[in-house]
Amino acid sequence: MTSDLTAALIPITLNGNPELVPAGCTIEALLRRHHIAPSDVGTALNGDFVPRAQRATLLLQRGDAVTCFQPIVGG
């Protein structure tokens with residue numbers, strides 16, 4: 001039997017490291033959990049770039065892979 005606490009957690013990976021997060025967690029919430037300033041990193045979900053504006057509404061799903069990277073600026 002699965003406890004309510006365990007059922008409310010889903011497995012994801014963050015920068016290649018396995019992690020359990022609450023169901024309904026967004027990328028923005030994940031960054032906050034890890035004390036990562038959203039303005040300091042770019043993000044990708046399952047290899048696809050995620051714009052900052054979408055981080056607060058994009059819900060993580062079981063098995064998702066989130067990658068944080070240093071944005072490249074300049075020209």
Side-chain angles (χ1 to χ4, degrees):
M1 184 170 157
T2 305
S3 73
D4 288 339
L5 179 60
T6 304
L9 298 175
I10 60 170
I12 66 156
T13 60
L14 174 60
N15 297 327
N17 299 309
E19 180 167 344
L20 293 173
V21 298
C25 186
T26 63
I27 292 176
E28 183 176 286
L30 179 65
L31 295 176
R32 280 196 312 265
R33 286 170 55 104
H34 287 274
H35 307 286
I36 299 171
S39 60
D40 290 349
V41 295
T43 52
L45 178 63
N46 301 322
D48 294 323
F49 175 74
V50 177
R52 286 183 191 165
Q54 293 180 7
R55 293 178 188 171
T57 58
L58 191 59
L59 298 178
L60 296 173
Q61 304 295 316
R62 179 178 301 275
D64 277 346
V66 178
T67 305
C68 297
F69 55 90
Q70 293 300 313
I72 299 171
V73 287

Distance in Å, Thr26 OG1 paired with Gln54 CD, rounded so as to fall on 0.5 Å steps: 12.5 Å
Quick one: CD1 on Ile10 to CG on Leu20, what's the gap to the nearest 0.5 Å? 9.0 Å
Out of curiosity, Leu14 CG to Thr67 OG1, how far, rounded to the nearest 0.5 Å? 8.0 Å
Atom pair CG (Leu58) and CD (Glu28), whose distance is rounded to the nearest 0.5 Å: 11.5 Å
Restricting to non-hydrogen atoms, name the atom on Thr13 and the atom on Pro18 that form the minimum distance, rounded to 0.1 Å. CG2-CA, 4.1 Å
Inter- and intrachain pairs under side chain to side chain donor-acceptor pair (under 3.5 Å), touching residues 35-46, at least two apart: Thr43-Arg55, Asn46-Asp64
How would you list, by chain and number, every residue that makes a side chain to side chain donor-acceptor pair (under 3.5 Å) with Asn15, sequence neighbours excluded? none
Do the side chains of Cys25 and Glu19 get nearer than 4.5 Å, heavy atoms only? no
Taking all atoms of both residues into account, what is the closest heavy-atom pair of Pro38 and Arg52, and its distance? O-NE, 3.7 Å
Decide yes or no on side-chain contact (heavy atoms from CB on, under 4.5 Å) for Leu45 and Leu60, but give the supporting numbers first. CA-CA 9 Å; Leu45 178 63; Leu60 296 173; 3.9 Å; yes
